[in-house]
**Q** 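Once you've had a glance at the structure underneath, I'll fire off some questions.
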Amino acid sequence: MTKFIKTFAVISIAALSLTACDKINNANRTMDTMLGGDFKVYIAGHNKVYTVTNGKVTSVPEKGYYVFYANVDGKKRLVQSPIATTTIEKID
């Protein structure tokens, strides 16, 4: 019985720590939502670097993607990119 309790305790602690990491990741994604300004957005598998000018990059963590309006061929276009493969760089 003691072995069962120890195993249950270890599994419970591991589950709680994973939940805490997910909360931190969600908070970081929420910060992306609050940011405004100029950004370069790199998406793995795309040769193009998207530029967001005087705008914001909004995250939708529950669906797993970013949404932003980028300058594409001189026009603002709506772009959605997966959070896992997207890198956002703030331009000063």
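Note that these values count all heavy atoms, side chains included, but never hydrogens, waters or copies made by symmetry. Sequence positions, counted from 1, serve as the residue numbers for this chain. It should be emphasised that the depicted structure is a prediction, and the values quoted were computed from it without experimental measurement.
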**Q** Can you sort out the partners of K48 under side chain to side chain contact (heavy atoms under 4.5 Å, CB included), two or more places apart, ordered by chain and number?
**A** Y50, V72
**Q** So which heavy atom on F68 is nearest to which on S81, and how close?
**A** CE2-OG, 3.7 Å
**Q** Which atoms form the tightest heavy-atom contact between V52 and A70, and what is the distance?
**A** CG2-CA, 4.5 Å
**Q** Quick one about T53 and N71 (side-chain donor to acceptor, distance below 3.5 Å, no hydrogens or angles considered), yes or no?
**A** yes
**Q** Quick check: closest heavy atoms across L78 and V67, and the distance to 0.1 Å?
**A** CD1-CG1, 3.3 Å
**Q** In Å, rounded to the nearest 0.5 Å, how long is the span from OG1 of T87 to NZ of K40?
**A** 13.0 Å
**Q** Are the side chain of D38 and the backbone of I91 linked by a donor-acceptor contact shorter than 3.5 Å?
**A** no
**Q** Is the closest side-chain donor-acceptor distance between E89 and Y42 under 3.5 Å?
**A** yes
**Q** Is the Lys NZ or Arg CZ of K90 less than 6.0 Å from the centre of F39's six-membered ring, within 45° of the axis?
**A** yes
**Q** Atom OH of Y65 and atom OG1 of T58: how far apart are they, to the nearest 0.5 Å?
**A** 10.5 Å
**Q** Could you tell me if the side chain of V41 sits less than 4.5 Å from the side chain of V49, heavy atoms only?
**A** no
**Q** Determine whether I88 and Y66 satisfy the following criterion, side chain to side chain contact (heavy atoms under 4.5 Å, CB included), listing intermediate values before the conclusion.
**A** CA-CA 10 Å; I88 303 167; Y66 289 113; 3.8 Å; yes
